[in-house]
Amino acid sequence: TVSNKKNKMLAGSRTSRASPVPVVGTPTPLLNTFSRPFFMLVMPMVVALFTPLKIARLLGGRFTTFVLTSITAACAVLTVRMVRWHMDTFWSWYQEKKWLPNNANYAQDGAPVMEGVSEIRLENFGVRPRETCHILTPTKPSGRTLVYIHGGGFVVANSTVLLHSITLFCRQGFTVYSLDYPHAPEHRFPEPLISVLRGLSWIHTTHGVTQVSLFGDSAGANLATMAAALICNPPLLASFARETKSMSILDWAFPAIDSQISLYGVLDQQSWRDSYLSSICRAENAIALAGLRTCMSLYRSQHGVFENRFTLLDVAADLNVYPRTLIVGASKDLLVCSSQAAYTCLRRRGFDVHLRMYEARHGFFGFPPSWTFGAWKTSAQPASALMTAFLRDPVPVCTPTPAAPADPAVVDESKAVDDVTTSAGAQTTTNDGSNSNSNSTTTTESTANDTASAAPKATTRNSTDSDETFHPITQAAEDQRTSTAPRTRTLAGARAVSRCVVLDDGHGCCTDLPEDTAIMCSS
């Protein structure tokens, strides 16, 4: 009897643990497929960043703070290495063996991911870890070259897992070189930057490339903009080589840089600190800020090499020449403040720089479009069209525009002159800020019949009817100079009518997003 009861109890327990019958026709959410490994890797980092510091504040004392901060750093490094291993193994294999060969997968421009790509090969350009380069050869080469530097907070990711986001440039005839570089914290600044410079020199000497365009996203944008600053300014390069004790850099030959794109890049070290975006929740603001601070602390030199001037704005005062630049940002990304600060600084110094914001989060261009539930059509797809149009527009190589306008009364150099740049067929409106220091939102509307006078700082080009032509911004007429209302500037050759919601808060933030999603780059 006891044996029968035990058998019945075991049978009942086995029955209760049986999985329920799935409902026919109910799709499995895509997030469920990736949420478990994602949160297993990310959540320990979030807990490690917040819990010990909170305990330290409660307990007080320098020793307690030191111990708990050390624990936080150790947990952050461990989490970074776990994520890096995951991306270097499974996701790299998945990209090469599953994602790229599948013609059903499409890229950010809506075309099949491998369409227009005849070959992808991997070569080494150095002897240090991760000094490798993927070379993407187009089926119809145009003779132009693009060098891509991937992001990942200086600590994770690689060229392989982001190949799907750059094949679209091959369809435009570009030969694409995708560089890898050593990761922090094992290899801190300036090692990754020196590896990028070595890669550019290798492209020039080994493959005979004399002129390139640079493209980087996130941390890759930091390395791309810094490489452009060093290559285009020999005195700055000499100072960098001397202070980093890498004098051999001065013997390297580099290709000329005709243009570059920064996609939600880390372009300064200050503007995003203690900032708050109203377009995202408080928790997302806190997590983004903690992640940025962690990555920057892991990348920063522990010995103060080059005075830790590893962002574009750190060396902006030493720039005499800088290539034509397009800065692309996301309104729901804390680094939007960095993009705005870099744009304002370069614009004040008279360089040819353009800015475009999209209603998206950090990394919107790197995720496969099919993972974004259709959001790529309003962010990644128009961004890809804008960037390819920008790169196709022929420009002088590393030629700076005048540092000051001919008539100082036309442009007030004490204020930021901001623009939002779109491809042809879209109306663009810009704002240089009002006299008030408080945040103010202004909506302006312009038509294709509006005229604009060319500014001394802007390069004038003839607009055409092609939707693939990139048009520069021109300045407003002089009769609006003394107006207290925000001034408007129209895109030469634009045809459509649109609305631009501008929020000026001292950083000169400007975006053409709906009013309820306006960004705030302020403390």
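Everything numeric in this text was worked out from a predicted model, so none of it was measured. We use all heavy atoms of the structure for the numbers below, so side chains are in, but hydrogens, waters and symmetry mates are not.
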* Using the ring of Phe306 (Phe, Tyr or Trp, six-membered ring only), decide whether Arg309 places NZ or CZ under 6.0 Å from its centre and within 45 degrees of its axis. =>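 Here Arg309 passes the 6.0 Å and 45° test against Phe306.
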* When you measure from the centre of the six-membered ring of Phe390, is the NZ or CZ of Arg324 under 6.0 Å away and within 45° of the axis? ->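 Yes, Arg324 sits over the ring of Phe390.
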* To do: Under the side chain to side chain donor-acceptor pair (under 3.5 Å) rule, collect the residues that match up with Asp268, sequence neighbours excluded.
  =>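 Result, side chain to side chain donor-acceptor pair (under 3.5 Å) vs Asp268: Ser271, Ser338.
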* Measure the CG-CG distance between Asp217 and Leu162 for me, rounded to the nearest 0.5 Å. =>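 CG of Leu162 is found 6.0 Å from CG of Asp217.
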* For the atom pair CZ (Phe174) and OH (Tyr148), what is the distance rounded to the nearest 0.5 Å? ->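 Here the rounded value is 16.0 Å.
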So, [X] side chain and [Y] main chain: donor-acceptor pair closer than 3.5 Å or not?
{"X": "Gln108", "Y": "Phe367", "answer": "yes"}
{"X": "Ser92", "Y": "Met87", "answer": "yes"}
{"X": "Asp180", "Y": "Thr132", "answer": "no"}
{"X": "His183", "Y": "Ala157", "answer": "yes"}
{"X": "Asn233", "Y": "Leu319", "answer": "no"}

* **Validation row, ring centre Tyr264 to ring centre Phe365 under 6.0 Å** =>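 No, the ring of Tyr264 stays outside the 6.0 Å limit from the ring of Phe365, centre to centre.
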* To do: May I ask you to check whether Phe169 and Phe215 place their ring centres under 6.0 Å from each other?
  =>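 Yes.
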* Asked: In terms of side-chain heavy atoms, does Ser213 have a donor or acceptor partner in Ser259 at a distance below 3.5 Å?
  ->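 Short answer, yes.
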* Give every residue pair that meets the salt bridge (Lys or Arg N to Asp or Glu O under 4.0 Å) criterion with at least one member in residues 192-204, sequence neighbours excluded. =>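 As it turns out, the salt bridge (Lys or Arg N to Asp or Glu O under 4.0 Å) pairs with a partner in residues 192-204, which skip direct neighbours, are Glu131-Arg198.
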Taking C-beta and beyond as the side chain, do [X] and [Y] meet within less than 4.5 Å on heavy atoms?
{"X": "Leu386", "Y": "Leu326", "answer": "yes"}
{"X": "Cys170", "Y": "Thr137", "answer": "no"}
{"X": "Asp258", "Y": "Val212", "answer": "no"}

* **Leu346 and Tyr322: CA distance, side-chain angles, deciding distance, side-chain contact (heavy atoms from CB on, under 4.5 Å) verdict** => CA-CA 9 Å; Leu346 293 178; Tyr322 205 68; 4.1 Å; yes
Looking at every heavy atom in both [X] and [Y], which two are closest together, and how far apart are they?
{"X": "Leu200", "Y": "Ala227", "result": "CD1-CB, 4.0 Å"}
{"X": "Val113", "Y": "Thr167", "result": "O-OG1, 2.7 Å"}
{"X": "Val156", "Y": "His150", "result": "O-CE1, 4.1 Å"}
{"X": "Ala330", "Y": "Val336", "result": "O-CB, 3.3 Å"}

Any residue meeting side chain to side chain contact (heavy atoms under 4.5 Å, CB included) with [X], in chain and number order, not counting sequence neighbours:
{"X": "Ala219", "value": "Phe154, Tyr181"}
{"X": "Thr210", "value": "His204"}
{"X": "Ala342", "value": "Leu267, Leu313, Ile327"}
{"X": "Arg300", "value": "Gln269, Arg273, Met296, Ser297, Asn308, Phe310"}

* To do: Could you check whether the rings of Trp99 and Tyr94 sit parallel, tilted or perpendicular, using 30° and 60° as the cut-offs?
  =>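 Rings of Trp99 and Tyr94: tilted, 30 to 60°.
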* To do: Indicate yes or no: does Glu284 engage Lys332 in a salt bridge with an N to O separation below 4.0 Å.
  =>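 Not counted as a salt bridge, because no side-chain N and carboxylate O are separated by less than 4.0 Å.
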* **Candidate list Glu115, Gln381, Arg171, test side-chain contact (heavy atoms from CB on, under 4.5 Å), partner Asp109, passing option** =>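 That would be Arg171; it is the only one of Glu115, Gln381, Arg171 passing the side-chain contact (heavy atoms from CB on, under 4.5 Å) with Asp109.
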* Heavy-atom neighbours of Tyr106 OH exceed 12 at 6.0 Å ->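 More than 12 heavy atoms, drawn from other residues, nucleotides or ligands, come within 6.0 Å of this atom.
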